[in-house]
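Below, read A as the first sequence line, B as the second, and so on, with proteins coming before strands; counting in each chain starts at 1.
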Amino acid sequence: MRTTQDAIRHLERISVYLEVKGENPFKINAFRKAANILEAAEHDFMDIEDFTEMKGIGKGTAAVLEEFRTTGTSTALSELEQEVPEGLIALLKIPGLGGKKLAKLHDVGVIDADSFAEKLEDGTVEAMPGFGKKTVEKYVKALETFETRPERLPYGVMRKIVSELEQTLTAFEGIIRFAVGGSFRRSEETCKDLDFILSTDQAEVVKGQLLELEQIDEIIAAGETKVSVVLKRDTNYIAVDFRLVDDAAFASTLHHFTGSKDHNVRMRQLAKERGESISEYGVETKDGLFQPQTEDELFARYDLPFIPPELRSGRHEFEQDLSRLITEKNIQADVHMHTTWSDGTLSVEELVDACAARGYSWMAITDHSQYMKFVNGLTIDRLRKQRVEIEAARKKHPDMTILCGVEMDILPDGSLDYEDEFLQEMDYVIASIHSKFDQTETEIMQRLENACRNPYVSLIAHPTGRIIGRREGYAVNVDRLIELAAETGTALEMNANPARFDLTAASLAKAKAAGVKIMINTDTHRPEMLEDMKLGVLHARKAYLEPTDVINTWTAQEARAFFDRKRLGVD
DNA sequence: GCCGTTTTCGGCCCGACTGTTTTCAGTCG
């Protein structure tokens, strides 16, 4: 059985190999586009009868896909692999080194980083047409840190840098307005770099200040409209592009550099159909240049509603009804939070106060269970004692429904941390894995299945266990977990912590299609983490979730009815 | 590689920056 993801990876691999061969960029793009089409397709790749019926996939790609479907590989890729050394592919990551130049380097015997270093040193590269002294110096420097710096940084890391830079820019002289664009504005899980759009009528003044920023490790470019630097913060190297534009072009430029690339392509096609042309400076029309004051104006010109940044993937945002999507206003509760009883920093009372201040109508206290000794997990006895405090908080906040909950560990042997006899005393039970991440998929799935099949378990929290940029998570088969959740009436979590962000948007969409209910939770341990709810909602929107899909947009009564259906075995 | 009645060939989204050139190719977003 081959999955859609396998097919997508296969096509992407072909396009990378073609790139390193220095092939026609449009041919390279055709495979990449086909991969995107498969990803956005309604049907599973194994169920598609005729690939050529999909717009953007022609005879060539269809043949590759057919062959891949039956054999698990394709002649096209095998031939490329024969032709192009594997080690060459990684060199694409070096800035200033693209397919054309790599193909030339391959001709003189470069096959990987080591042979590249040799040819740089012995003068071969510098003597080649199109290469020069400066280029060689740049490559030598890049090779020093080659594959030692992570290519993308987690959103949570970028967030700190962004707010620092925003403060700095606010104090700058000569800036009219500024905003961050790029993958950060689209709230992607990870970002390769940061894009700031600055409007100014004193570009030279602003440029001068930018080049004086603290902790610049490297200046990549310093042109009239673009200043590009690498900043060093702690142990991280962050590439930041600053675009300097006239204020009249601000909205267009912001839209352009918010992307995604595929979104922009679609927008430009729309423009082209009307004989217009969109650039970062505005729209070239029959009556001259139209410069929208806001992004709304730009979208409105093509009869589109404002498309929020997090949806600009270039895949579904032009067809879907965006007005029905979940928003932060729909959220009525946070139902995965820790207090000082285990490893949180807020007391029960403080946490309830904070949730009330956010306007929630219900919530759940869910400290760790007894297995988690190192975070002071709660024994049965302590959970019962905690209820006294929760009871006091209920008196203080009569309008707030507070569920006595627990985040219960699924133990390495697959059993649960408490017996059912005790669990039935709890209002609400989360199950999650915090141990033995190195188990096989079979073992992990057995643990998750046991949890799903327990009538008192209402939610599986952070279902993949990943910490973005630090660890992969355990060997979960998400498709199977979604099946189990659907079958047992168990909800799955969208963990709003930017270090976790699981499930991914793609998995959330699958869960929705399978009828699985989602809970968006902050997993709060410190007060500021309550704010992450908005990030969780943005990710849910990427999967086009609506309030009906998300339990914590419901009332407490509706949610309890959902939990009870599983507890009482009612269908 | 994909597409299409103004097309089966010649486009394919657009523009800036750098370095190597001597008017432009390659890379990048």
Exercise. Using a 4.0 Å heavy-atom cut-off across all strands, classify A:Lys138 as base, sugar-phosphate, or nothing.
Key: nothing
Quiz item: What is the distance, rounded to the nearest whole Å, between atom CD of A:Glu280 and atom P of B:dC14?
Solution: 12 Å
Quiz prompt | Euclidean distance for P, B:dG1 against B:dT6 (whole angstrom) | solution = 27 Å
Self-check item: Separation of the P atoms in B:dA16 and B:dT21, to the nearest angstrom
Solution: 24 Å
Quiz prompt | Cation over ring face, A:Arg9 and A:Phe68, 6.0 Å, 45° | solution = no
Quiz item: Are the aromatic rings of A:Phe318 and A:His263 close, with centres under 6.0 Å apart?
Solution: yes
Quiz item: Looking at A:Thr135, does any N or O in its side chain come under 4.0 Å of the phosphate oxygens OP1/OP2 on B:dT20?
Solution: yes
Practice problem: Output yes when a side-chain donor or acceptor of A:Arg312 lies under 3.5 Å from a complementary backbone atom of A:Ser260, and no otherwise. | Solution: no
Exercise. State which of B:dT27, B:dC2, B:dG19 makes the closest approach to the side chain of A:Lys100.
Key: B:dT27
Quiz item: Looking only at atom C1', what distance separates B:dC9 and B:dG15, rounded to whole Å?
Solution: 27 Å
Practice problem: Using the C1' atoms only, state how far B:dT5 lies from B:dG10, rounded to an integer number of Å. | Solution: 16 Å
Quiz item: When all nucleic acid strands are considered with a 4.0 Å heavy-atom cut-off, which category describes A:Ser277: base, sugar-phosphate, or nothing?
Solution: sugar-phosphate
Quiz item: So A:Phe242 and A:Phe196, would you call those rings parallel, tilted or perpendicular, with 30° and 60° as cut-offs?
Solution: parallel
Quiz item: Under 4.0 angstrom, heavy atoms only, what part of the nucleic acid is A:Asn24 near: base, sugar-phosphate, or nothing?
Solution: base
Quiz item: So what does A:Ala271 hit on the nucleic acid, given a heavy-atom distance under 4.0 Å: a base, only sugar-phosphate, or nothing?
Solution: nothing
Quiz item: Expressed in angstrom and rounded to an integer, what is the separation of A:Leu97 atom CG from B:dG26 atom C1'?
Solution: 10 Å
Practice problem: Let me know, please, whether A:Ile220 or A:Thr52 comes out on the 5' side of the other along DNA chain B by nearest nucleotide. | Solution: A:Thr52
Exercise. For A:Gly99, report the nucleic acid contact type (base, sugar-phosphate, nothing); a contact means any heavy atom under 4.0 Å.
Key: sugar-phosphate
Exercise. Measure from CG on A:Leu92 to C1' on B:dG29 and round the result to the nearest Å.
Key: 15 Å
Practice problem: For A:Ile57, report the nucleic acid contact type (base, sugar-phosphate, nothing); a contact means any heavy atom under 4.0 Å. | Solution: sugar-phosphate
Self-check item: A:Asn264 or A:His256, whichever maps to the more 5' nucleotide of DNA chain B
Solution: A:Asn264
Quiz item: How long is the line joining NZ of A:Lys192 and C1' of B:dC28, in whole Å?
Solution: 8 Å
Exercise. For B:dA25 versus B:dT20, give the span between their P atoms, rounded off to a whole number of Å.
Key: 16 Å
Exercise. Remember a base hit wins even if backbone is also touched, and classify A:Lys133 as base, sugar-phosphate or nothing at under 4.0 Å, heavy atoms.
Key: sugar-phosphate
Quiz item: In whole Å, what is the span from the CD1 atom of A:Ile37 to the P atom of B:dG1?
Solution: 15 Å
Quiz item: For A:Thr145, which residues count as a side-chain contact (heavy atoms from CB on, under 4.5 Å) partner, sequence neighbours excluded?
Solution: A:Thr148, A:Arg149
Quiz item: Is any side-chain nitrogen or oxygen of A:Lys134 closer than 4.0 Å to OP1 or OP2 of B:dG19?
Solution: yes
Practice problem: Would you indicate what A:Pro95 reaches in the nucleic acid, counting non-hydrogen atoms under 4.0 angstrom: base, sugar-phosphate, or nothing? | Solution: sugar-phosphate
Exercise. Grab the CG-P distance between A:Asp241 and B:dC17 for me, whole Å please.
Key: 11 Å
Quiz item: Under 4.0 angstrom, heavy atoms only, what part of the nucleic acid is A:Leu11 near: base, sugar-phosphate, or nothing?
Solution: nothing
Exercise. Could you measure between the two C1' atoms, the one in B:dC12 and the one in B:dT7, and give it in whole Å?
Key: 14 Å
Quiz item: Base, sugar-phosphate, or nothing for A:Leu18, non-hydrogen atoms under 4.0 angstrom?
Solution: nothing
Self-check item: Side-chain donor/acceptor of A:Asp502 to backbone N/O of A:Thr504, under 3.5 Å
Solution: no
